[in-house]
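A short write-up of the structure that comes next.
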Amino acid sequence: MALQWMILAYVVAAEAVVALLLTLPSPTVVKSRLISLVSLILQPAMSIVPFAGFQLLDLYWKNEHRLMCTAEVCTAAERDRYEKAIYKAQRNAILCASAVLLYWCIFSITRYYKQLHSLQKVEKRFKEQ
């Protein structure tokens, strides 16, 4: 199970780097090449959305079926383990949400730049006429 969260963490880190590269100012030639490369990668990378959704469902199921440790019967070690599990579940939920949000941001940025590029082509064509 830890491998899935590690993969998701690496994907979120890669998405953050790509989003940062897309939003940094750069020359138009470099920006257009980067946008075309990212747009080619976006369709296979869409698989992260159902993967993160599945992980969220898994977190929800585990949360619903987790043994509660709130009474005086629990020892300090059991209570610490319970709280640690809760914190890890919250961290993983944030990781899933950020994976989907970053994918959506990258998709929106590339769509924006493609529309901007097509509008610039139309403007250039009208200026030539």
Side-chain angles (χ1 to χ4, degrees):
M1 196 63 169
L3 181 63
Q4 294 171 346
W5 295 113
M6 188 179 74
I7 290 170
L8 194 61
Y10 285 142
V11 167
V12 168
E15 285 178 341
V17 168
V18 168
L20 182 68
L21 286 176
L22 289 177
T23 55
L24 285 177
S26 61
T28 55
V29 175
V30 174
K31 182 71 79 174
S32 65
R33 298 278 168 100
L34 186 63
I35 292 294
S36 65
L37 176 68
V38 170
S39 65
L40 288 174
I41 295 172
L42 273 177
Q43 188 172 8
M46 177 64 179
S47 63
I48 195 62
V49 174
F51 181 71
F54 175 75
Q55 295 299 330
L56 277 174
L57 284 174
D58 185 48
L59 282 173
Y60 175 75
W61 186 85
K62 285 181 180 177
N63 188 37
E64 288 295 317
H65 296 90
R66 179 173 292 147
L67 295 175
M68 301 298 272
C69 186
T70 56
E72 292 86 23
V73 179
C74 295
T75 63
E78 289 174 340
R79 193 171 291 116
D80 288 342
R81 188 174 48 165
Y82 173 76
E83 289 177 1
K84 185 178 176 183
I86 293 294
Y87 291 140
K88 284 175 74 172
Q90 290 172 350
R91 179 199 63 199
N92 291 339
I94 291 171
L95 194 63
C96 290
S98 62
V100 173
L101 182 67
L102 279 171
Y103 180 84
W104 177 78
C105 288
I106 292 169
F107 176 77
S108 297
I109 290 168
T110 55
R111 188 183 66 202
Y112 167 75
Y113 277 115
K114 284 182 179 180
Q115 289 175 350
L116 186 66
H117 185 67
S118 67
L119 287 174
Q120 287 173 346
K121 281 184 178 179
V122 169
E123 181 186 22
K124 187 176 180 180
R125 189 175 50 200
F126 280 136
K127 282 185 179 179
E128 289 175 357
Q129 288 179 355

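Please read all numbers here as calculations on a predicted model, not as lab measurements.
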Taking all atoms of both residues into account, what is the closest heavy-atom pair of [X] and [Y], and its distance?
| X | Y | result |
| --- | --- | --- |
| A93 | L59 | N-CD1, 3.5 Å |
| S39 | K114 | CB-NZ, 3.3 Å |
| V100 | A52 | CG2-CB, 3.9 Å |

* Mind checking whether I48 and L8 have side chains closer than 4.5 Å, heavy atoms only? ->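 Yes; the side chains approach each other to less than 4.5 Å.
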* Note, K124 side chain near E128 side chain (heavy atom, < 4.5 Å) ->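 Contact flag for K124/E128 side chains = yes.
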* Can you run down the ring-ring contact (aromatic ring centres under 6.0 Å, His included) pairs that involve residues 105-125, sequence neighbours left out, and say none if there aren't any? =>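 Applying ring-ring contact (aromatic ring centres under 6.0 Å, His included) to every pair that reaches into residues 105-125, excluding sequence neighbours, yields nothing.
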* To do: Among L101, I7, L95, find the residue that satisfies the side chain to side chain contact (heavy atoms under 4.5 Å, CB included) test when tested with V12.
  =>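 Among L101, I7, L95, the one that satisfies the side chain to side chain contact (heavy atoms under 4.5 Å, CB included) with V12 is L95.
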* To do: For E123, check salt bridge (charged side-chain N to carboxylate O under 4.0 Å, His left out) against everything at least two apart and list the hits.
  =>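 In terms of salt bridge (charged side-chain N to carboxylate O under 4.0 Å, His left out), with neighbours along the sequence ignored, E123 is linked to K127.
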* Are more than 12 heavy atoms from other residues, nucleotides or ligands located less than 6.0 Å from atom CD of Q43? -> no
* Would L42 and M46 show up in the same hydrophobic cluster when neighbours are defined by side-chain heavy atoms closer than 4.5 Å? ->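 As far as the 4.5 Å side-chain criterion goes, M46 and L42 are connected within one cluster.
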* To do: Could you tell me the separation between the OG1 atom of T23 and the CD1 atom of I109, rounded to the nearest 0.5 Å?
  => 6.0 Å
* Rounded to the nearest 0.5 Å, what separation is found between the NZ atom of K31 and the OG atom of S36? ->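 If I round to the nearest 0.5 Å, the distance is 12.5 Å.
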* Is a salt bridge present between K62 and D58, judged by a nitrogen-to-oxygen distance below 4.0 Å? ->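 Salt bridge: yes.
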* In the hydrophobic clustering (ILVMFWY, side-chain contacts below 4.5 Å, transitive), which residues join L37, or is it alone? -> I41
